[in-house]
Amino acid sequence: MTQDDQDPRIAELEAENRRLRRFLDEKGLPAEQRHQVRNTLAMLRAIIRRSSETADNVETYAAHLDGRLDAIARVLSALMRSVPDGVALHALIADELLAHLAREGDQVAISGPNLRLRPGAAEIVALAIHELTVNALEHGALMVPHGRIAVTWAVEPPAAGGRLTFVWTETGLENLPAAPPRRGFGSEVLERSLRYELKAETELAYEPGGLRCTITMPLPPQIRLVEDEE
């Protein structure tokens, strides 16, 4: 899409962002809350703009934009329900896949220690999971009945550096190209946004039978390992 085709919601969102900033300043809310609201608004604005810039046509733009905004809405709703503990990573992944009719236990297996994501980390991780899910629907394991997705993660203890390793693996495909023909918004989220927001490193491996996405990062304060939770 060209600059002239961009959704008018960009200008509307920017105007609303300015009004909300003034409102937050006038109400004297805690700096942390003001910072989080502004970060969320900035993310929404970036999603709208980059979705427009990377879409091939209006129909694709509208479908992908709606999906991304829905993913952010889901995680914000989950965060509101889970204050102050944060949303569980397992639930975040399962809910996003279920929203696209991929149910855990059928084509999907999810496993890992109990991690709780607070605002900041939750939104960008939710967006990354959304992009992986949509790619699996359009080009990967969820495109065929025999495709499978395995999502696992592990955490090194603080004494060993406290690093999180997250692996999304797709199998059951045939004759996939060695790499996608073009890099779009999803690749940008996985390879650039996660690095900027969480200092993460992402490796995408395209194989004839599927895809492996490995994300490693130092465990940030917004992601908490819960050792004993019933």
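Just so you know, these numbers come straight off a predicted model, no measurement behind them.
When side chains are defined from C-beta on, L194 does not count as touching K199, because their heavy atoms never get closer than 4.5 Å. For the pair T216/R163, a side-chain contact is recorded, criterion being any heavy-atom separation below 4.5 Å from C-beta on. Considering only heavy atoms from C-beta on, C213 comes within 4.5 Å of L132 through its side chain. For the pair V108/L98, no side-chain contact is recorded, criterion being any heavy-atom separation below 4.5 Å from C-beta on. L79 has its side chain within reach of E123: a pair of non-hydrogen atoms, C-beta onward, lies under 4.5 Å apart. For the pair H100/V134, a side-chain contact is recorded, criterion being any heavy-atom separation below 4.5 Å from C-beta on. Proximity of F166 to L115: side-chain heavy atoms (C-beta onward) are nowhere separated by under 4.5 Å. A heavy-atom distance below 4.5 Å is found between the side chains of V75 and L92.
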(request) Give the intermediate values and the outcome of side chain to side chain contact (heavy atoms under 4.5 Å, CB included) for residues E156 and T165. (result) CA-CA 8 Å; E156 295 179 356; T165 301; 5.7 Å; no
(request) Determine, stepwise, if the pair L89 / V125 fulfils side chain to side chain contact (heavy atoms under 4.5 Å, CB included). (result) CA-CA 9 Å; L89 178 58; V125 171; 4.1 Å; yes
(request) Would you please test I72 and D70 for side chain to side chain contact (heavy atoms under 4.5 Å, CB included) and show each step? (result) CA-CA 5 Å; I72 296 298; D70 285 346; over 6 Å; no
(message) With side chain to side chain contact (heavy atoms under 4.5 Å, CB included) as the criterion, how do E131 and E188 come out once you've worked through the C-alpha distance, each side chain's angles and the decisive distance to 0.1 Å?
(response) CA-CA 10 Å; E131 295 302 322; E188 182 174 309; over 6 Å; no
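Using a distance-only test at 3.5 Å, with no hydrogens or angles considered, a donor-acceptor pair links the side chain of T202 to the main chain of L190. Judged by distance alone, the side chain of T133 and the main-chain N or O of I129 form a donor-acceptor pair under 3.5 Å. E203 contributes no side-chain N or O that, together with a main-chain N or O of T214, makes up a donor-acceptor pair within less than 3.5 Å. Judged by distance alone, with hydrogens and angles left aside, the side-chain atoms of W153 form a donor-acceptor pair with the main-chain N or O of P113 at under 3.5 Å. H130 places no side-chain N or O within donor-acceptor distance of the main-chain N or O of A71, the cut-off being under 3.5 Å.
Here the CD1 atom belonging to I124 is positioned 11.0 Å from the OH atom belonging to Y196, to the nearest 0.5 angstrom. Atom-to-atom distance recorded for L198:CG and I223:CD1 is 5.5 Å, nearest 0.5 angstrom. Distance check: R224 CZ to L219 CG gives 11.0 Å after rounding to the nearest 0.5 Å. For the atom pair S111 OG and I93 CD1, the distance stands at 9.5 Å (nearest 0.5 Å). The structure places CD1 of I110 at 5.5 Å from CG of L97, a figure rounded to the nearest 0.5 Å. Expressed to the nearest 0.5 Å, how far NE2 of H139 lies from CG of L211 amounts to 11.5 Å.
Judged purely by distance below 3.5 Å, without hydrogens or angles, the side chains of H146 and Q107 never pair a donor atom with an acceptor atom.
Closest heavy-atom contact between A141 and T171: CB-O, 4.0 Å. What you find for E104 and A94 is that their closest heavy atoms are OE1-CB, 4.1 Å. What you find for G172 and V144 is that their closest heavy atoms are O-CG2, 4.0 Å.
Salt bridge status for R74 with E96: present, with a side-chain N to carboxylate O gap under 4.0 Å. Remark: E170 does not engage R212 in a salt bridge, criterion side-chain N to carboxylate O under 4.0 Å. Using a 4.0 Å cut-off between a side-chain N of Lys or Arg and a carboxylate O of Asp or Glu, E201 and R195 qualify as a salt bridge.
Criterion: ILVMFWY side-chain heavy atoms under 4.5 Å apart, direct or through other members. Under it, L142 and V167 are not part of a common hydrophobic cluster.
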